[in-house]
Amino acid sequence: MPIYAVTGASGQLGRLAVQELLALGVPASDVVAVVRTPSKAADLAERGVGVREGDYARPETLGAALAGVDRLLLVSSSEPGRRVAHHTNVIGTAKAAGVSRIVYTSMLNADTTTNPLASEHENTEQALAAAGVPFTLLRNGWYTENYTGQIGQYLERGEIVGAAAGGRISAASRQDYAAAAAAALLQGEEGNRTFELGGPAFSLPEFARVISEVSGVPITYRDLPVDAYASSLQQAGLDAETARFVAALDASIAHGDLETDSRDLARLLGRPATSLTDVVRASVTPPPRPLRPTHDALLEQE
Ligand SMILES: NC(=O)c1ccc[n+]([C@@H]2O[C@H](COP(=O)([O-])OP(=O)(O)OC[C@H]3O[C@@H](n4cnc5c(N)ncnc54)[C@H](OP(=O)(O)O)[C@@H]3O)[C@@H](O)[C@H]2O)c1
């Protein structure tokens, strides 16, 4: 039986990918969770998954982490600016360890997009090609959670502000990307593959409408020119560089760079991607209901 390893397994996507492998019937003893801090993966160890220390920034830890591994899911590093060095360390070690396939979480349209985060993914894709180990590129679109994680703020303010105009976003839930990653790891095919992954596309005005419908609270989308959006982010407390960066992400959405009509995600999942409404529904906290009748309610009953 092949041994599967998942890096970044203490993170949100990596942990879900390990759980998806187990759900697909891979024995826990055939799964290795590679993590920077093993104590963060105690839950996986309890399920019988092999937890090994592996720090992208410390290549000396990676050889033991990848020993005996056949198929590797390399979850991209969460440290922009250091990603290429991190990923190159993992790719070089994986090659030396005899890994037979590297599955890498890249970015949607990585080779054509204007998204300011893309160059490190494109450089990693080039490093994979140069290494000569068969690879699978999972060019993931935006996580829907990038937006649903802020629903509380949207509900509080009654609006979403951005500079994405009517640009459509083929986002999907982390859970769906993780399930697709597990399916890609299990595929026994030859050669290199590229999957452009995204769910049903929506614009931010449409997203606002879905939140309104699900929550019952009217939310609107207010679009600003890119520079004005950057200024508003700065006024809200971001430093100038981060504000420009976040605004540039929206500009790339307006440009259509986070949209795809690819059906690769649904094909890997063997079902449609989770709908936007369902992801929003899971994120909108229902109004609190008392666990037991309140004092006033009891008095009313008497
Ligand atoms: N598509 C999108 O919308 C989107 C959004 C955000 C991020 N991403 C990318 O997708 C990746 C996975 O997303 P996520 O939500 O799972 O992120 P996450 O929860 O922040 O997890 C990132 C993982 O990377 C690990 N990591 C970071 N630096 C490392 C190092 N030097 N050595 C070993 N492991 C290291 C972290 O380990 P620790 O637990 O030790 O910190 C963590 O396990 C991110 O890292 C980022 O590249 C994509």
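Counting starts at 1 for both ligands and their atoms, following the listed order. All values reported here derive from a predicted model rather than from experimental measurement.
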K.L.:
When you look for protein heavy atoms under 4.0 Å from ligand 1, which residues do they belong to?
P.N.:
Gly8, Ser10, Gly11, Gln12, Leu13, Arg36, Thr37, Lys40, Gly54, Asp55, Tyr56, Ala57, Val75, Ser76, Ser77, Ser78, Glu79, Arg83, His86, Gly141, Trp142, Tyr143, Asn146, Arg174
K.L.:
Check whether Asn109 reaches the backbone of Thr112 with its side chain - one donor and one acceptor, N or O, closer than 3.5 Å.
P.N.:
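Not at all, since once roles are kept as given, no pair shorter than 3.5 Å links the two residues.
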K.L.:
Could you list all the salt bridge (Lys or Arg N to Asp or Glu O under 4.0 Å) pairs where at least one residue sits in residues 195-222, not counting sequence neighbours?
P.N.:
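Those involving residues 195-222 are Arg139-Glu196, Glu159-Arg222, Arg168-Glu206.
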K.L.:
Between the side chains of Ser170 and Thr260, does any donor sit under 3.5 Å from an acceptor?
P.N.:
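Result is no, nothing qualifies.
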K.L.:
Name all pairs fulfilling the salt bridge (Lys or Arg N to Asp or Glu O under 4.0 Å) condition that reach into residues 87-100, sequence neighbours left out, sorted by first residue then second.
P.N.:
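Checked against salt bridge (Lys or Arg N to Asp or Glu O under 4.0 Å) - neighbours excluded - no pair reaches residues 87-100.
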K.L.:
Can you tell me which residue pairs pass the salt bridge (Lys or Arg N to Asp or Glu O under 4.0 Å) test with a partner in residues 273-285, sequence neighbours excluded?
P.N.:
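Every pair satisfying salt bridge (Lys or Arg N to Asp or Glu O under 4.0 Å) with a residue in residues 273-285: Asp278-Arg281.
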K.L.:
Are any of the side-chain nitrogens in Asp264 or Arg193 under 4.0 Å away from the carboxylate oxygens of its partner?
P.N.:
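Salt bridge flag = no for Arg193 with Asp264.
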